[in-house]
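For clarity, every value in this text was computed on a predicted model and none was experimentally measured.
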Amino acid sequence: MTEADICVVVPTIREYECMRAYFENAREHGFDLDRLHVVLVTEDFCDTDAMAAMLDSAGVSGEVFDGARREAWFEAHGITEFGHLIPDASHAQTSFGLLYLWAGEFDYGFFIDDDTLPHPDDDFFGRHLRNLRFDGEIEAVSSDERWVNVLYQNADEHGLYPRGYPYSAMDEDIETTEATVSNVVASQGLWTNVPDLDAVRILMDGDLQGQAQTRTTAADFEDDFVAAPGDYLTVCSMNLAFRRAVVPAFYQLPMDDNPWGVGRFDDIWSGVFLKRACDLLGARIYNGGPLCEHNKAPRSTFGDLQNEVAGLELNEHLWKIIDDAVPENWETDDAAGRWNDADAYAAVFASMADELVAGDWSEYENGEFLTFVGEYMHDWLDCLDALESVRAPVPADD
């Protein structure tokens with residue numbers, strides 16, 4: 001039997017059956033399902049038995065973790081002091097999947113959202129892995145605002161900017177060149193049907209149920225691309241693959257469950273931190289295929305707005321704060337060849353955390369949250385260190 005080397009993390013409270021489509025896609029394209037171990041991250045009020053039965057009937061290795069099971073896992077691994085890193089009732093619970101991956105023997109991680117489906121003609125798992133091994137020529141995109149709109153290819157027609165794209169970086173002038181790329185550490189698949197927009201942009205698009213009226217199709221994503229070094233981009237966790245080495249710099253952040261009510265920026269800010277680390281280490285984030293179909297469930301746009309508004313101003317400034325972060329005694333030449341070195345990502349992440357903890361952010365609305373985030377980033381690194389030294393099996397269910 002093939003050893004599982006891929007940890008697939010799926011945050012879900014509703015549509016976990018979507019995973020059957022991903023498993024069928026793997027079979028149709030000859031991808032070995034024995035390579036997958038699926039971690040369903042859910043809540044205590046969900047039917048975990050049904051979720052486990054779905055994995056069993058599909059013949060796929062995996063586990064289901066509601067709140068109680070997550071607590072048991074932390075206790076079994078001797079890291080209960082770090083339980084606060086996983087926020088309650090938040091999409092950012094995907095960070096638990098990162099800890100699970102780190103404690104195991106996995107080489108790769110996948111994030112899949114439960115409101116997505118794979119495009120049948122595309123080899124979902126295989127293409128992501130090919131992206132991570134890419135070595136060749138690809139389009140590199142930059143802009144005069146130092147932000148790349150991942151929806152840039154047809155932006156003149158649809159005018160869309162994704163969730164997390166700074167408002168101050170809009171109306172940018174872009175430049176595209178051909179670049180020789182290797183050292184890919186993350187593969188971001190994009191999405192057709194409902195675009196991933198923030199609530200303000202959805203309201204401007206004329207919808208009160210969280211459903212952008214402007215939709216995307218495969219024709220909007222003709223070419224795969226990378227953002228040029230020094231340029232940032234939004235990273236959405238609904239369709240994403242990554243190498244184990246980036247986990248120290250990829251914490252999904254304490255959203256929703258915090259005194260300031262900041263939410264909805266977990267994957268966005270983790271992407272900002274990861275891109276800064278990639279630029280220092282000579283690594284790349286690959287964008288484009290495989291596409292997924294995003295079938296977002298209707299919900300109040302104003303509800304999303306309430307979750308986002310507390311962090312909107314901070315989102316305009318975060319990338320500038322960490323843009324100069326460099327580890328102490330860092331030599332650029334020493335970074336060469338460390339693009340797949342977890343310790344190097346940890347060092348860069350720690351330097352960004354230091355910037356957030358040391359700064360005075362009182363001029364920003366909810367600026368204290370940035371200090372809070374920096375403290376949690378340090379705790380994240382400490383937790384990973386603890387997992388390196390303590391490994392224990394999760395207790396069996398009663």
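The distance from the CD1 atom of I6 to the CG atom of D107 is 8.5 Å, given to the nearest 0.5 Å. Once rounded to the nearest 0.5 Å, the distance linking OG1 of T301 with CE of M204 reads 13.5 Å. For the atom pair OH of Y152 and CG of D223, the computed distance is 6.0 Å after rounding to the nearest 0.5 Å. Taken to the nearest 0.5 Å, the CG atom of N183 stands 9.0 Å off from the CZ atom of R284. With values rounded to the nearest 0.5 angstrom, N149 atom CG is found 12.5 Å from E145 atom CD. Between T216 atom OG1 and Q153 atom CD the span is 12.0 Å, to the nearest 0.5 Å.
Cation-pi check for R201 over Y167 is met; the charged atom lies under 6.0 angstrom from the ring centroid and within 45 degrees of its normal. At least one cation-pi condition fails for R276 and F273: the charged atom is not both under 6.0 angstrom from the six-membered ring centre and inside a 45 degree cone around its axis.
Judged purely by atom type and a 3.5 angstrom limit, D205 uses its side chain to pair as donor or acceptor with the backbone of Q213. At distances below 3.5 Å, at least one donor-acceptor pair connects side-chain atoms of H29 with backbone N or O atoms of P120. Under a 3.5 Å cut-off, the side chain of R163 and the backbone N or O of D196 do not form any donor-acceptor pair.
Taking the centre of each ring, F372 and W260 come in below the 6.0 Å mark. Ring to ring, Y100 and H37 are close: their centroids are under 6.0 angstrom apart. Ring centroids of F124 and H119 are separated by 6.0 Å or more, keeping the two rings apart.
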Could you go step by step and tell me if I86 and L99 meet the side chain to side chain contact (heavy atoms under 4.5 Å, CB included) rule? CA-CA 10 Å; I86 310 303; L99 294 179; 4.2 Å; yes

Which is it for Y108 and H128 under the ring-ring contact (aromatic ring centres under 6.0 Å, His included) test, yes or no, and what are the steps along the way? CA-CA 10 Å; Y108 305 101; H128 268 305; over 10 Å; no

Please determine whether side chain to side chain contact (heavy atoms under 4.5 Å, CB included) holds for the pair R244 and W102, giving the CA-CA distance in whole Å, both sets of side-chain angles, and the decisive distance to 0.1 Å. CA-CA 7 Å; R244 177 190 181 87; W102 192 254; 4.2 Å; yes

I would like to know whether Y161 and D198 meet side chain to side chain donor-acceptor pair (under 3.5 Å); could you show each step before the answer? CA-CA 9 Å; Y161 286 91; D198 67 23; over 6 Å; no

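Taking the six-membered ring where the residue is Trp, Y22 and F125 present perpendicular rings, their angle passing 60° and hence far from 30°. Relative orientation of the F250 and F111 rings is parallel, given thresholds of 30° and 60° on the angle between their planes.
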